[in-house]
2 protein chains.
Amino acid sequence: MAVARQRAGRDGRPTLEQVAARAGVGRGTVSRVINGSPRVSERTRVAVEAAIADLGYVPHRAARALAGNRADAVALVVPEPETRLFAEPYFAAIIRGISVELAEADIQLLLTLSRTASERERFAQYAAGNRVDGVLLVSVHGEDPLPELLAENGIPAVMNGRRSAHETFPHVDGDNVGGSRAAVRHLLERGATSVATITGSRDMYAAQCRLDGYREELDAAGLADDEGLVAHGDFSEEGGYRAMCELLGRRPALDAVFCASDLTAAGARRALREAGRDVPGDVALVGFDDSAIARHMDPPLTSVRQPTEEMGRAMTRALLAEIAGEAPTSPGLILPTELVRRASS
Amino acid sequence: MAVARQRAGRDGRPTLEQVAARAGVGRGTVSRVINGSPRVSERTRVAVEAAIADLGYVPHRAARALAGNRADAVALVVPEPETRLFAEPYFAAIIRGISVELAEADIQLLLTLSRTASERERFAQYAAGNRVDGVLLVSVHGEDPLPELLAENGIPAVMNGRRSAHETFPHVDGDNVGGSRAAVRHLLERGATSVATITGSRDMYAAQCRLDGYREELDAAGLADDEGLVAHGDFSEEGGYRAMCELLGRRPALDAVFCASDLTAAGARRALREAGRDVPGDVALVGFDDSAIARHMDPPLTSVRQPTEEMGRAMTRALLAEIAGEAPTSPGLILPTELVRRASS
DNA sequence: ACCGTCAGTGGGAGCGCTCCCACTTGCGAA
DNA sequence: TTCGCAAGTGGGAGCGCTCCCACTGACGGT
């Protein structure tokens with residue numbers, strides 16, 4: 001048995017050994033060709049590549065992973081409660097970006113939905129055991145133990161978004177402040193004189209940034225700081241509805257509202273309709289995220305779009321660099337946002 | 001070197017060998033415990049489990065895969081052009097279902113976006129090499145070579161949806177005909193007398209089914225078959241808009257429209273508004289998919305919902321059964337749909 | 001007392017790779 | 001000519017598991 005080398009693998013597929021035999025070289029050489037080592041002569045490389053093509057050889061991932069002490073895979077961890085996020089163009093685009101970048105590096109994407117905090121801890125355990133080379137994190141909340149767990153275990157990871165202004169964990173985020181400022185500026189330019197805002201969940205940094213942007217832009221325009229124009233929502237439609245009712249009661253003369261999310265804007269729009277206010281005639285409305293509902297609202301909603309696909313790519317590139325052991329140039333990357341103008345403002 | 005067994009793995013994590021030493025048993029026994037073999041005495045199992053817990057042992061996936069000739073992973077293949085599908089609650093729910101079911105079986109989910117047909121062929125190659133145990137397919141079009149490629153290579157696979165009435169490939173689908181019939185029946189019950197429909201892309205079986213359901217229900221109600229009430233769309237909003245304009249020109253007296261998708265309904269709604277028709281006052285509208293936009297249309301759209309999470313689970317269960325070598329009881333499974341009533345009808 | 005049986009167990013072999021060391025060349029310098 | 005060295009190469013060792021065969025010992029039947 002030990003004599004008859006050069007046999008195909010258990011599953012009938014060619015092995016590296018067969019390729020080597022066919023090309024008339026040793027296993028080491030084939031391995032070098034596959035891994036793009038420069039220490040192979042041109043002639044040899046060509047011969048090996050021909051043998052690979054002839055045989056239709058595809059490296060066996062598990063064997064590679066085992067021998068090479070790596071996984072050739074990265075995990076994307078999505079908190080289960082957040083799967084509604086899934087139902088957003090935002091998410092689809094991020095995944096597309098990730099996928100493109102990973103495909104180029106020939107690395108697999110593992111999708112992991114983690115339901116509970118304990119499951120996230122278990123995941124860290126799991127990830128530590130060389131089961132993945134790196135981790136991509138989305139929708140990370142402040143109390144999530146996963147980032148620290150990963151860092152402690154020395155597992156390369158990058159998150160989407162930030163938990164605070166001084167996020168030390170590697171991250172890629174959209175420019176929330178800049179986007180909000182652009183939205184408010186736009187409202188002001190369209191002649192609004194009393195711009196209200198409905199915030200997102202106060203414990204989320206993105207919500208804080210969007211509120212900061214709102215304030216900064218009003219300041220820059222020299223408008224008085226009126227706290228009565230700020231109502232707190234929670235990114236949900238219902239929250240938007242309630243906040244809008246509140247606002248209408250408090251500042252009936254408002255003529256524009258900047259919402260921290262499109263969903264919030266949808267709720268606000270409902271409240272405005274019930275109050276008999278026309279959009280954009282009486283009140284101009286702007287959302288954030290440029291999600292599916294923005295395009296389909298009546299009237300279509302002006303919204304702030306993040307360069308989501310690019311964010312996915314950037315996250316992945318950063319992660320791959322980290323895996324490759326490159327020293328990170330900076331802990332984070334902030335990508336610019338863009339205002340998409342529609343009929344609501 | 002060969003003497004000093006019982007050492008931790010390269011990455012410092014405990015190996016099965018260590019667990020065996022700690023529990024005072026052989027490697028084989030630990031393996032049996034891990035894999036739930038019944039051929040282990042209660043006492044031994046307890047001891048091994050304690051050792052596993054003490055050491056925080058996690059099996060090394062790649063080693064398992066290599067030795068066991070399996071991958072412990074299944075791939076979900078999404079055609080890249082379809083990633084907009086991603087941005088649907090439909091998709092999110094399917095993935096959630098898949099994820100739940102896979103987590104129970106401790107199998108990983110690989111997400112693969114395939115851009116081109118050639119990439120799909122390459123994927124079949126790849127899958128064949130024992131790199132995944134099975135494949136989950138969504139949005140399969142008629143000319144897609146992947147299902148056949150997988151079948152030829154003996155790779156277990158299940159698709160979501162069907163390509164035709166006599167789909168032989170294992171599949172899980174929603175009851176499109178039943179859903180459409182329920183939608184039309186609902187419209188009729190609400191007093192509609194002239195029910196039009198806007199179809200989906202004619203080359204898609206789901207679109208055909210939805211049209212069939214529409215016809216069947218009208219037949220059942222004894223209404224004359226009026227081809228003028230059928231306009232062809234393509235599941236897109238623009239297509240819905242055009243078809244609605246057409247319909248309005250041809251049958252100005254229509255008082256209800258059943259659309260093959262929510263997006264189509266959104267387009268139709270726009271056309272109706274431009275024509276000055278009130279929804280639901282003048283024309284009742286029903287969509288299909290119960291997607292995000294349905295809830296946020298004005299008025300909110302009545303729509304047919306599929307049991308999507310359950311579909312994901314069913315697909316996964318079917319795939320796991322196939323992987324386990326169980327003979328499929330039937331080639332496919334059709335799950336019931338449900339009409340979600342909202343203000344548009 | 002003998003045997004067969006079988007639940008339970010230990011450990012060798014080997015999965016298909018990568019790593020790395022030892023080796024062979026070819027070639028310019030001494 | 002001899003040596004040194006770098007470029008190129010072959011293949012042993014070993015990654016952490018599972019598979020499976022061989023073995024042990026308790027037990028019941030004869």
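Note on naming: letters A, B, ... go to the chains in the order of the sequence lines (proteins, then strands), and numbering restarts at 1 for each one.
- Applying the 4.0 Å criterion to OP1 and OP2 of C:dT18, one finds that A:Asn35 has a side-chain N or O inside that range.
- The distance from atom CD of B:Glu17 to atom C1' of D:dC17 is 10 Å, rounded to the nearest whole Å.
- As a whole-Å value, the separation of B:Asn69 CG from C:dC17 C1' is 14 Å.
- Of the possible donor and acceptor atoms, none in the side chain of A:Asn153 sits under 3.5 Å from a partner among the backbone N and O of A:Ile155.
- B:Asp72 places its CG atom 12 Å from the P atom of D:dC17, with the value rounded to the nearest Å.
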When you look at A:Arg70 and A:Asp133, which way does the salt bridge (charged side-chain N to carboxylate O under 4.0 Å, His left out) test go after all the steps? CA-CA 6 Å; A:Arg70 59 203 159 72; A:Asp133 297 323; over 6 Å; no

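- Residues A:Val77 and A:Leu136 fail the side-chain proximity criterion, which asks for heavy atoms closer than 4.5 Å.
- Nearest to the side chain of B:Arg70, among C:dC15, D:dG14, D:dT18, sits D:dT18.
- Of the possible donor and acceptor atoms, one in the side chain of A:Thr316 sits under 3.5 Å from a partner among the backbone N and O of A:Gly312.
- Remark: the backbone N or O of A:Glu101 is not paired with any side-chain donor or acceptor of A:Glu104 at under 3.5 angstrom.
- Residue order along DNA chain C, read from the 5' end via each residue's closest nucleotide, puts B:Gly28 first among B:Gly28 and B:Ala67.
- Atom NE2 of B:His60 and atom P of D:dT18 are 12 Å apart (whole Å).
- The base of D:dG12 sits within donor-acceptor range of the side chain of A:Arg27, with an N or O pair under 3.5 Å.
- Of the two residues near DNA chain D, A:Arg10 and A:Gly68, the one whose nearest nucleotide lies more 5' is A:Gly68.
- Atom pair B:Ile34:CD1 and D:dT18:C1' shows a separation of 10 Å (rounding to whole Å applied).
- Atom pair B:Leu16:CG and C:dG10:P shows a separation of 12 Å (rounding to whole Å applied).
- When each of D:dC17, C:dT18, C:dC15 is scored by its nearest atom to the side-chain atoms of B:Thr15, the top-ranked nucleotide is D:dC17.
- When only modelled atom types and interatomic distance are considered, A:Tyr126 and B:Gln108 share a side-chain donor-acceptor pair under 3.5 Å.
- Taking atom CG of A:Leu66 as the reference point, atom C1' of D:dC15 lies 4 Å away to the nearest angstrom.
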Are any protein N/O atoms closer than 3.5 Å to N/O atoms in nucleotides 5-9 of chain C? If there are, list each pair with its distance.
from: C:dA7; atom 1: OP2; to: B:Arg39; atom 2: NH2; distance (Å): 2.7
from: C:dT9; atom 1: OP1; to: B:Ser41; atom 2: OG; distance (Å): 3.1
from: C:dT9; atom 1: OP1; to: B:Thr44; atom 2: OG1; distance (Å): 2.2
from: C:dT9; atom 1: OP2; to: B:Ser41; atom 2: N; distance (Å): 3.0

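- Across the protein-nucleic acid pair, B:Asp11 atom CG and C:dC19 atom P stand 15 Å apart, rounded to whole Å.
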*asked:* I'd like to know whether A:Leu333 forms a side-chain contact (heavy atoms from CB on, under 4.5 Å) with A:His171, so could you lay out the CA-CA distance, the side-chain angles of the two residues, the decisive distance to 0.1 Å, and finally the verdict.
replied: CA-CA 6 Å; A:Leu333 185 61; A:His171 62 273; over 6 Å; no

